[in-house]
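Structure record follows, encoded as structure tokens.
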Amino acid sequence: MARITTLSEAIADAVHDGDTIALEGFTHLIPHAACHEIIRQGRKNLTLIRMTPDLVYDQMIGMGCVSKLVFSWGGNPGVGSLHRFRDAVENGLPHKLELEEHSHAAMANAYEAGAAGLPLAVFRGYIGGDLPKVNPKIKRITCPFTGEELAAIPSHRPDVAVIHAQRADRAGNVMIEGVLGVQKEAVLASKRQVVTVEEIVDELPQRSLNAVVLPHWTVGNVVAVPGGAFPSYAAGYYPRNNSFYKKWDDIAKDRDTFAAWMKENVLDKGPEAFAQYARKHQAAAE
Amino acid sequence: MARITTLSEAIADAVHDGDTIALEGFTHLIPHAACHEIIRQGRKNLTLIRMTPDLVYDQMIGMGCVSKLVFSWGGNPGVGSLHRFRDAVENGLPHKLELEEHSHAAMANAYEAGAAGLPLAVFRGYIGGDLPKVNPKIKRITCPFTGEELAAIPSHRPDVAVIHAQRADRAGNVMIEGVLGVQKEAVLASKRQVVTVEEIVDELPQRSLNAVVLPHWTVGNVVAVPGGAFPSYAAGYYPRNNSFYKKWDDIAKDRDTFAAWMKENVLDKGPEAFAQYARKHQAAAE
Amino acid sequence: MADYKPAEMMTIAAARSLKNDDICFVGIGQPSAACNLARLTHAPDITLIYESGTLATKPTVLPLSIGDGELCETALTTVSVPEMFRYWLQGGRIKVGFLGGAQIDKYANLNTTVVGPYDKPKVRLPGAGGAPEIATSCGEILIIMAQGKRAFVEKLDFVTSIGHVTGGDSRAKLGVKTKGPVKLITDMAVWEPDPVTKEMTVVSIHPGVTREQIQENTGWPVKFAAHVSETPAPTAKELEVLRELHARTNRAHAAA
Amino acid sequence: MADYKPAEMMTIAAARSLKNDDICFVGIGQPSAACNLARLTHAPDITLIYESGTLATKPTVLPLSIGDGELCETALTTVSVPEMFRYWLQGGRIKVGFLGGAQIDKYANLNTTVVGPYDKPKVRLPGAGGAPEIATSCGEILIIMAQGKRAFVEKLDFVTSIGHVTGGDSRAKLGVKTKGPVKLITDMAVWEPDPVTKEMTVVSIHPGVTREQIQENTGWPVKFAAHVSETPAPTAKELEVLRELHARTNRAHAAA
């Protein structure tokens with residue numbers, strides 16, 4: 001059952017040292033505020049799952065929260081490298097980072113299978129490339145009807161899923177619109193959940209008969225954090241801040257600049273710091 | 001690419017003797033008009049796939065179009081038996097009917113796997129019951145990660161999928177709302193398609209960002225048949241005619257009554273006969 | 001005490017076994033009546049899910065079919081049928097599932113497939129529907145069935161969905177982790193599985209029904225619990241709400 | 001003839017190879033520019049699909065990321081990412097896929113994973129993304145890459161996604177039924193696989209580029225087709241539309 005709470009309580013409740021956690025959001029609705037709170041609470045030895053590690057995992061890796069990364073594309077979309085991720089892989093800084101590397105299709109299927117309560121995902125993939133040589137979790141399974149060999153990987157079943165959505169109602173039913181990514185699957189595949197939302201409303205708005213809604217009994221913790229996806233975006237609330245993504249390249253390139261930025265913008269701030277971004281863009285849109 | 005055409009041309013183009021065809025619609029949007037046209041065109045030796053055979057398959061079985069049925073629940077929902085189906089199974093009339101019998105979960109998974117281009121569906125099911133004893137297509141597959149035994153069945157990949165939807169645009173993009181059933185999967189799993197719609201509009205209406213739309217290049221034939229789902233329903237157009245479902249029990253119970261009803265209402269009529277049902281209920285709703 | 005029919009007692013006893021925070025996979029007919037009666041009386045927030053994909057639906061009349069428009073229009077949202085069976089049922093998100101059937105045995109295994117041999121049936125029944133996976137994926141199962149010797153049989157003609165299989169730990173030995181049938185509610189009594197043997201055992205008898213009548217309508221020697229209670233008779237409120245629900249439903253279905 | 005940059009010639013040559021009825025799985029960067037240029041010139045009805053789930057999208061500016069709001073707002077609809085990879089890519093519904101990479105070999109296999117050994121990389125690249133399954137599930141593949149000896153290598157450090165594997169029928173022998181790379185479009189030339197050996201072969205050279213320059217920027221001995229044509233220079237219209245698209249895009253991204 002959903003508990004409507006504060007971000008610090010939600011993270012303290014759901015995220016523990018050593019957990020396997022999935023912050024999801026495919027470009028859209030990336031839970032930046034929740035990422036910052038996990039960093040502030042000093043979680044360690046996390047195994048992070050995410051299709052596109054992006055700025056959120058660059059920050060957590062750079063701050064030393066992470067021991068292992070399960071992923072399929074680790075870059076700053078349209079900009080270039082994730083420098084903290086590269087520093088960890090290439091130089092072992094701030095410490096060594098274990099990699100479990102997949103393709104997007106594999107990751108998406110692994111979330112889908114996790115949501116479906118299955119131990120494995122079966123799909124047509126990983127034909128001829130080198131990833132199966134470096135990832136022992138990629139196996140083959142033979143179709144008993146056609147003899148075709150298909151790829152099999154373990155499903156994702158994270159301890160915690162963390163997502164951001166547009167809105168929830170007071171019971172904790174969460175509605176998502178736009179680029180949906182794998183958020184619904186990540187939530188349904190996980191043991192515990194933290195959902196930040198732009199706003200909590202008395203009733204979900206008039207919606208299509210097939211709107212994407214996560215019922216309250218599937219989301220553990222629901223928290224209103226306006227602007228909580230910034231610099232990612234929330235369709236209907238504020239656009240993606242592409243210039244921040246470009247700026248991140250300079251911030252993260254240098255360890256000291258990164259550390260200073262994290263202190264000023266994450267360690268010394270709270271989730272309410274995100275509200276300005278929501279407001280700024282709402283004002284701009286009016 | 002979608003071709004906007006007439007029902008008789010669409011069925012003549014897509015449905016041939018001996019085909020494996022799936023008319024889908026889970027209570028909602030059942031393609032009755034298309035079923036009637038297949039009967040009028042005298043198709044024979046069809047293998048019919050459908051979760052809930054319902055009145056449409058009762059009619060096709062009773063008219064001798066069908067040699068095999070792949071299904072999971074063959075009744076008149078909320079009313080009782082499908083008498084023509086029972087007559088075929090219990091008495092071999094009008095001729096013997098081969099059965100390939102599944103559970104709903106298996107059928108839904110088989111459509112999903114077909115849409116996903118896979119040769120098999122893997123799911124947790126068929127534990128301990130007798131269906132695997134009478135259906136040799138139900139096999140077991142062992143998860144290479146956990147050792148769990150899961151059910152495996154061939155995916156559904158019908159020659160033809162036939163569905164009814166609320167609307168299409170002139171390019172042939174088809175939009176569905178409400179109880180979605182397995183229609184999208186049936187269409188994507190099939191080689192050829194016939195989609196009847198309540199209306200063809202210049203542009204699809206203002207809709208949610210995640211509306212259920214089948215793009216024009218996935219549906220072969222699109223035909224406007226207002227009322228084409230009657231006595232099933234089309235959300236937003238007309239309600240389910242529950243009393244017809246009850247009445248069907250009497251019509252179908254007796255072979256001669258059935259034959260007379262089919263002659264009067266199917267063989268001697270065309271798809272335009274359905275328009276009255278759409279109009280009647282639209283008027284009632286105004 | 002109000003006058004009532006055995007079928008009403010059955011529905012009301014089933015409704016009472018549901019709690020406000022239950023998440024139920026509802027079938028058409030008796031289960032649908034019981035779940036909606038619970039929702040309209042003591043369990044207003046109960047979550048009802050129909051296999052047509054409708055999540056958290058609140059129909060004002062009972063659906064005739066599993067996918068009536070009413071279910072969709074009053075739902076939180078409606079998902080596709082593959083999603084329903086993959087994410088919601090197999091995903092382990094349903095707490096209570098309902099089943100019934102043409103035949104039941106003493107371990108609450110059910111037959112909805114055929115009477116007689118499969119290849120040459122005396123009566124061809126509708127078939128499995130969702131039952132085989134409802135029976136194993138829901139946290140627990142409630143069964144609602146009217147008693148009679150043709151329905152309560154020593155040996156099923158066909159096992160469509162499992163209950164406690166052959167008793168004892170035979171269900172768990174198949175790798176099934178869910179509880180299976182925790183209650184069998186009939187028009188005469190409430191049965192629960194024996195904690196050890198898992199044989200369905202009468203724990204409560206409806207007012208006015210005798211042990212002899214129960215035995216006469218059961219095809220095996222009935223086990224009664226050490227302490228058998230009397231099922232409380234329907235309250236005036238329960239009967240009123242149930243009858244109004246049926247009346248609304250009949251008016252709606254006749255009109256359509 | 002208009003003045004233009006080699007990168008513009010590359011984008012324009014890629015755009016020209018797309019047809020009005022193509023259904024394309026579009027990646028960010030050059031593929032996105034090429035596809036939208038095609039849509040804004042000779043292929044107005046081309047269907048563009050981004051792996052973020054946006055089906056038949058018509059962005060007015062190029063997205064910076066694969067899931068920009070622009071893509072979703074202008075799409076026919078947007079599906080979940082699991083559905084995108086299962087029903088649309090694996091389902092065989094995409095005709096043309098685009099790929100690029102940090103390294104390519106003469107059989108058009110690609111590396112986007114690491115430079116140097118996997119366990120101790122000199123440069124850690126972003127990784128596979130959708131490439132391994134795009135490479136095998138799309139009907140055919142177009143590759144867009146600027147030439148250079150560090151990119152066009154004799155042997156890949158890591159095979160992220162396959163092209164024609166080791167040439168000949170080696171791709172088909174892996175059970176892959178799709179065509180694989182049918183064109184490699186660079187800033188210097190257009191390459192196509194030899195019908196028999198499947199080695200990528202120069203079939204058209206961009207205006208002003210010499211065979212020697214192509215060889216200097218390729219890490220293996222380049223094969224030229226029997227008849228090598230000259231790529232038609234960009235037209236004024238093509239350049240105008242492409243530059244306006246980039247200008248709109250830059251304004252939009254600077255503003256956000």
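The structure displayed is predicted, hence computed values, not measured ones. Just so we're on the same page: letters track the sequence lines, and every chain starts at 1.
Across A:Arg240 and D:Leu64, no two heavy atoms sit closer than the pair NH1-CD2, 3.5 Å. In this structure, A:His104 and D:Gly130 approach most closely via the heavy-atom pair CD2-N, 3.5 Å. What you find for D:Phe158 and A:Leu131 is that their closest heavy atoms are CZ-N, 3.7 Å. For D:Ala128 against A:His102, the heavy-atom pair with the smallest separation is CB-O, 4.0 Å. Here the shortest heavy-atom pairing between A:Glu185 and D:Pro82 reads CD-CG, 3.7 Å. The two residues D:Thr78 and A:Gly178 come nearest to each other via the heavy atoms CG2-O, 3.6 Å.
Remark: the backbone N or O of D:Lys120 is not paired with any side-chain donor or acceptor of A:Glu90 at under 3.5 angstrom. Here the side chain of A:Tyr233 pairs a donor or acceptor atom with the backbone of D:Gly69 at under 3.5 angstrom.
Of the inter-residue distances, the one linking A:Asp54 atom CG with D:Ser65 atom OG reads 8.5 Å to the nearest 0.5 angstrom. Taking CD1 of A:Ile127 as the reference point, atom OG1 of D:Thr178 lies at 8.0 Å (rounded to 0.5 Å). Taken to the nearest 0.5 Å, the CH2 atom of A:Trp73 stands 10.5 Å off from the CG atom of D:Leu125. Distance check: A:Leu180 CG to D:Glu83 CD gives 9.5 Å after rounding to the nearest 0.5 Å.
Open room surrounds NZ on A:Lys137; 12 or fewer heavy atoms of other groups in view lie less than 6.0 Å from it. Applying the 6.0 Å contact sphere to NZ of D:Lys95 captures more than 12 heavy atoms from other residues, nucleotides or ligands.
Looking at A:Lys246, the atoms closer than 4.5 Å to chain D (heavy atoms on both sides) all sit in the side chain, from C-beta outward. For A:Ala105, the parts lying near chain D are the backbone and the side chain together; criterion is any non-hydrogen pair under 4.5 Å. Only the side chain of D:Glu133 comes within contact range of chain A, with at least one heavy atom under 4.5 Å from a heavy atom of that chain. The part of D:Thr136 that comes within reach of chain A is its side chain, from C-beta onward, which places non-hydrogen atoms under 4.5 angstrom from that chain. With a 4.5 Å cut-off on non-hydrogen atoms, D:Glu51 touches chain A through its backbone and its side chain both.
Heavy-atom pairs under 4.5 Å with chain D were tallied for A:Thr27, A:Val89, A:Asp130; the largest tally goes to A:Asp130. Chain D forms more heavy-atom pairs under 4.5 Å with one residue of A:Ala110, A:Ser103, A:Gly92, A:Ser81 than with any other, namely A:Ser103. Per-residue counts of heavy-atom pairs under 4.5 Å with chain A were compared for D:Leu110, D:Asp68, D:Val165; the largest is that of D:Asp68. The residue among A:Glu177, A:Met51, A:Arg124 with the most heavy atom pairs within less than 4.5 Å of chain D is A:Arg124. Taking chain D as the reference chain and counting heavy-atom pairs below 4.5 Å, the highest number among A:Tyr111, A:Tyr245, A:Phe71 is found for A:Phe71. Ranked by non-hydrogen atom pairs under 4.5 Å with chain A, the options D:Val176, D:Val123, D:Val79, D:Thr54 are led by D:Val123.
Side-chain contact check for A:Met107 versus D:Phe85: every heavy-atom pair is 4.5 Å or farther apart. Taking 4.5 Å as the limit, some side-chain heavy atom of D:Tyr118 sits within range of a side-chain heavy atom of A:Leu99.
Salt bridge annotation for D:Arg124-A:Glu101: present, with a cationic side-chain nitrogen under 4.0 angstrom from a carboxylate oxygen.
Contact annotation for residues 142-156 of chain A against chain D (heavy-atom separation below 4.5 Å): no residues qualify.
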